[in-house]
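Numbers restart at 1 for each chain; the letters A, B, ... are given by sequence-line order, proteins then strands. Note that this is a predicted model, so its numbers are computed, not measured.
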Number of protein chains: 2
Amino acid sequence: MPTEPDLERGGRGDPEPTRPLRADAQRNRARILAAAESVFAADGIEVPIDVVAEKAGVGIGTVYRHFPTKERLFEAIMIERVSALTVDARARLETGDPRSAFFEFLDYLVSEVLIKRDLISAFAVAGVEFEVVAADAKQELNAAVADLLTAAQDAGTVRTDVTGQIVLSLIGATCMAAKQLHSGSTVDEMLAVLRDGLRANA
Amino acid sequence: MPTEPDLERGGRGDPEPTRPLRADAQRNRARILAAAESVFAADGIEVPIDVVAEKAGVGIGTVYRHFPTKERLFEAIMIERVSALTVDARARLETGDPRSAFFEFLDYLVSEVLIKRDLISAFAVAGVEFEVVAADAKQELNAAVADLLTAAQDAGTVRTDVTGQIVLSLIGATCMAAKQLHSGSTVDEMLAVLRDGLRANA
DNA sequence: TACTATACGGAACGATGGTTCCGCTTGTCA
DNA sequence: TGACAAGCGGAACCATCGTTCCGTATAGTA
């Protein structure tokens with residue numbers, strides 16, 4: 001295990017007031033994040049780093065200066081994405097109709113996952129190690145979804161024998177399968193089955 | 001594209017009466033198939049060929065003498081597996097109660113997919129190229145499932161807006177997600193949602 | 001403007017895994 | 001049983017990809 005340079009900015013751990021990054025370094029860091037975001041969204045985590053580096057207009061070495069590992073770079077993006085979902089879920093929980101908020105969130109979730117291919121790995125395909133750092137963000141999403149779910153269950157619109165975990169997995173898996181089938185309309189049909197399966201049995 | 005040696009036995013294309021394999025070669029071919037079957041079932045297609053060769057007690061070269069490509073070896077096994085499923089589906093169609101045969105087949109399908117990890121790729125994760133040869137077997141399974149499905153739909157136990165394709169994808173995706181979650185009980189909960197979603201709405 | 005810590009680029013390294021090649025072994029047939 | 005085609009083993013080859021290293025460039029500063 002190599003010595004950790006602690007170059008990260010904006011993470012949870014920032015005890016020592018590290019000297020601010022040089023201007024060009026800040027610029028490059030932002031570019032790398034932006035490039036990775038779009039590249040991972042388009043093709044998933046399996047894209048080689050060269051591609052990210054090229055899209056960002058920097059060398060491979062620069063990418064590694066900012067993120068010690070491909071996985072860490074990926075995590076940085078996943079945390080952002082998953083957190084955004086959490087925020088959305090919380091908002092719906094507060095302002096929406098508890099009977100429908102859960103299903104509306106599902107629709108939003110699906111649209112996001114379909115646009116951002118890498119999100120799939122956050123739910124289903126992720127290697128085990130990946131979870132370690134992004135686990136917090138995922139926990140929060142799990143909790144938010146669980147709350148939405150409970151509200152819907154209390155309102156009597158969703159069956160009571162499922163957990164947020166299960167729902168997220170089902171959605172992730174379905175989106176993945178749908179992508180592979182590269183026929184657009186199938187997603188809706190698959191989701192129709194899911195939605196009806198989730199409803200409290202009439 | 002290299003010249004095709006046409007070493008395959010028992011495939012659809014066998015116009016020239018090729019000399020039969022030597023006794024040891026037949027033995028080895030069988031061993032390779034058996035080894036690949038169990039190894040792929042246990043760990044999926046991503047297992048390196050070395051492992052298959054070792055398990056079969058032969059050298060790598062021997063594997064490649066019999067199957068020009070890893071993919072071809074995989075296909076040989078998939079065709080067998082998928083065909084077995086087709087046979088099962090047809091049998092249920094002939095002897096079972098049309099109202100329940102479809103769901104009973106689903107249960108069997110799930111149990112098979114959970115035991116044989118590689119089957120998942122036949123439905124959801126397969127690289128595109130893989131399909132080319134195994135496509136026939138899959139078509140037949142699709143057709144059989146479609147027939148089961150139609151029977152159930154006619155009997156009024158399954159919703160009418162889904163296709164066999166959709167069902168297979170949903171099952172495959174769900175099993176995959178369930179595997180990744182490595183918590184055994186979840187499969188049942190996920191499938192409960194699926195089953196209820198597939199039922200004709202009460 | 002000159003100096004230096006910081007940052008950069010990308011060639012090179014190492015691991016992994018599919019595939020090929022070729023010298024040796026062995027089944028088959030006369 | 002001898003000869004030869006068929007088959008075998010596995011080292012070597014090649015491509016991919018994550019990661020490291022180091023000589024060079026440059027932002028920040030006196």
What is the distance, rounded to the nearest whole Å, between atom [atom1] of [X] and atom [atom2] of [N]?
X     : N      : atom1 : atom2 : value
B:R65 : D:dA5  : CZ    : P     : 14 Å
A:D50 : D:dT19 : CG    : P     : 12 Å
A:R27 : D:dA27 : CZ    : P     : 8 Å
B:I32 : D:dC8  : CD1   : C1'   : 10 Å
B:E54 : D:dA11 : CD    : P     : 13 Å

Note to self: Tell me whether the side-chain N or O atoms of B:R22 pair up with the base of D:dA6 as donor and acceptor below 3.5 Å, since no angle test is needed here.
What the structure shows: yes

Notebook entry, point to check: Closer to the 5' end of DNA chain C via nearest nucleotide, is it B:I49 or B:A23?
Noted result: B:I49

Check: When the nearest nucleotide of DNA chain C is assigned to A:G59 and to B:G61 on a heavy-atom basis, which residue is associated with the more 5' position?
Finding: A:G59

Note to self: Whether B:R199 and B:D196 form a salt bridge (side-chain N of Lys/Arg under 4.0 Å from carboxylate O of Asp/Glu) is what I want to check.
What the structure shows: yes

Check: Where the side chain of B:R19 is concerned, which of D:dA6, C:dA7, D:dG9 is the nearest nucleotide?
Finding: D:dA6

Does a nitrogen or oxygen in the side chain of [X] sit under 4.0 Å from OP1 or OP2 of [N]?
X     : N      : answer
B:N28 : D:dG7  : no
A:T69 : D:dG18 : no
A:T62 : C:dA7  : no
A:H66 : C:dC8  : yes

Next item on the list: Check every strand shown and say whether B:I60 touches a base, only sugar-phosphate, or nothing at a heavy-atom separation below 4.0 Å.
Entry: base

